[in-house]
Trainee: 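Could you have a look at this structure, given as structure tokens, before my questions?
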There are 2 protein chains.
Amino acid sequence: MNRPPSPISLAPGAPANAKPSCANCAARRLCLPSHVPLEDYGVFERMVQRRYQLLRGEHLYQMNEPVHDRLYVLRSGHSKTYHLDSDGQQRVTGFQMSGEFLGLDAIGLRQQRGAALALTDCEVCEISHRRLQQAADQSVPVGAWLRTLLSKELSRQQNATQLLRGGRAEQKFAIFLLRLSWCFAERGGMPDSFHLPMTRQEIGDYLGLTAATISRLLLQLKRAACVDACGRDIVVLDHAGLTAFAHGAAAPAQRQRA
Amino acid sequence: MNRPPSPISLAPGAPANAKPSCANCAARRLCLPSHVPLEDYGVFERMVQRRYQLLRGEHLYQMNEPVHDRLYVLRSGHSKTYHLDSDGQQRVTGFQMSGEFLGLDAIGLRQQRGAALALTDCEVCEISHRRLQQAADQSVPVGAWLRTLLSKELSRQQNATQLLRGGRAEQKFAIFLLRLSWCFAERGGMPDSFHLPMTRQEIGDYLGLTAATISRLLLQLKRAACVDACGRDIVVLDHAGLTAFAHGAAAPAQRQRA
DNA sequence: CGTATGGTTGATACCCGTCAACCGGTGTGG
DNA sequence: CCACACCGGTTGACGGGTATCAACCATACG
């Protein structure tokens, strides 16, 4: 874990030693509105207080940190957010990848924020909450963009909720894999071949299952020739079959609840 | 179910035949920013296209309705939102009561909206999406208010997600009751005595359980003298005991994951 | 009075949590 | 260099929590 952090990831075509900015960011397509021309990136650029790198295992922010006035965007890498419940158990609330925002819920200042941890080496943009609000107040397009951002995040969260309500463990896990596949594809990776940034335990915490169950589910999918897996390397062999699992097609007698 | 709809609920002190408005709304404390003086309610008033009443069993909106440009606030009554999954099974995504917004997620236009159904007779304010956006664009305070609203909704949704990840059925149900109690109290009702607007089946759908299980859980809580229940009338006898259930205190051997 | 809906309760099956042992890889210290 | 601990992952045995299915009752409504 002591390898030096990789350099800030730049958009293809940018000189390797360029100063990192929104304009040359490889993830800008994911976190900034697509219709804004490059020369208008100044508004967003000014929100960013600083950019820096995190090593695997470092925290973006800790639980109950006094500074609720920052949010973060992942330029590259993967992270997880989690809470500690009353018994000290970790409960994973989500996984994030490049272009995604962390801390949007803190805008309402209503709920104590959890913690965020880098699952791989990460590059992050730290955004000043205050400057973001100011920009939204002063610029109509920025305000609209922020509203869209919040609303999209709300939809994402609703989707996550749906995943948990879903009945059987295989369904949840299959849906989880499909979404992950889609997320990797959205970022230019192979949709059917990717590397999990998180442990089985973390997947289980996220889905309301256990590491042992995740392991068994993966075995089940391998036996059905839907996926191949070696450690954290996943290959989706049969996308349709996996989708069938996600819809609960593999029910022996009858589906649990749909 | 054929009783005439009750009149639009007015804030205490308002004449009974007053034209309904934000200024005399009994729920204004819940849906409007508290620091805005009554005489500045015009901005909000103008967003409301119309107000009307719904009978129990009527829809606020249906699945995949072409009009995604409206949102709603409940002046009074209770509603549920739900989706139909691939097998035609209803999945309840939430319950709403007076002062709560429905359709905020549609601002992002990212996900097909589900359906919303009145569980009791309701009075609703229909808000024009377009006018809301315009108001947010033109007025800095309205913009900030809308952002706060979205962020709070995000927090609510995250809480709902947490509820589902939680381990055992009794915990989920106990938390559900406690939240409900809190919501009723927030609206001026007795915190320890309320009437459920939804069926056991709907509670089960919402919590990822079945109606039979809900029934048994209620029996369990009654035996523990935590609550008394007659039909949908609930009396919380032992708030601390119920909280203990919510934290998983009633674990025979060991808590599942908390 | 007949029907439909919601609620309760019992018997049974089974999914999945729990506990445990084991293995491979990695980092650490002797 | 090897021994050791530790972590993540796999696999098995076992038990318990819930779903499932069913019958039955109460209530509301035609």
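Sequence lines set the chain letters: A, B, ... in the order given, protein chains first and strands last, and positions in each chain run from 1. These numbers come from the heavy atoms of this one structure, side chains and all, not from hydrogens, waters or symmetry mates.
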Trainee: Using a cut-off of less than 4.0 Å, is there contact between a side-chain N or O of B:Thr199 and OP1 or OP2 of C:dG6?
Mentor: no
Trainee: Looking at B:Ile127, B:Leu74, B:Leu71, which hits side chain to side chain contact (heavy atoms under 4.5 Å, CB included) with B:Leu102?
Mentor: B:Leu74
Trainee: Just grab all the ring pair (Phe, Tyr, Trp, His ring centres under 6.0 Å) pairs involving residues 207-237 of chain A, residues at least two apart or on different chains.
Mentor: none
Trainee: CD of B:Gln201 versus C1' of D:dA19: gap in Å, rounded?
Mentor: 12 Å
Trainee: Picking from D:dG9, C:dG7, D:dT18, which would you name as closest to the side chain of B:Leu209?
Mentor: D:dT18
Trainee: Going by distance alone, is a donor N or O of one side chain under 3.5 Å from an acceptor N or O of the other, for B:Thr93 and A:Gln158?
Mentor: no
Trainee: Do the side chain of B:Arg168 and the base of D:dG16 come within less than 3.5 angstrom through a donor-acceptor pair of N or O atoms?
Mentor: no
Trainee: Under 3.5 Å, is there a donor-acceptor pair between the A:Lys80 and A:Gln90 side chains?
Mentor: yes
Trainee: Between D:dT18 atom P and B:Leu164 atom CG, what is the distance in whole Å?
Mentor: 14 Å
Trainee: Nearest whole angstrom, please: distance from the P of C:dT9 to the NZ of B:Lys222.
Mentor: 7 Å
Trainee: Rounded to whole Å, how long is the line connecting atom CG of A:Leu218 with atom P of D:dT10?
Mentor: 6 Å
Trainee: Can you figure out which of C:dT8, C:dC16, D:dT18 approaches the side chain of B:Arg200 most closely?
Mentor: C:dT8
Trainee: How is A:Leu219 classified with respect to the nucleic acid when contacts are heavy atoms under 4.0 Å: base, sugar-phosphate, or nothing?
Mentor: sugar-phosphate
Trainee: Nearest heavy atom decides the nucleotide; on that basis, is B:Arg216 or B:Met198 closer to the 5' end of DNA chain C?
Mentor: B:Met198
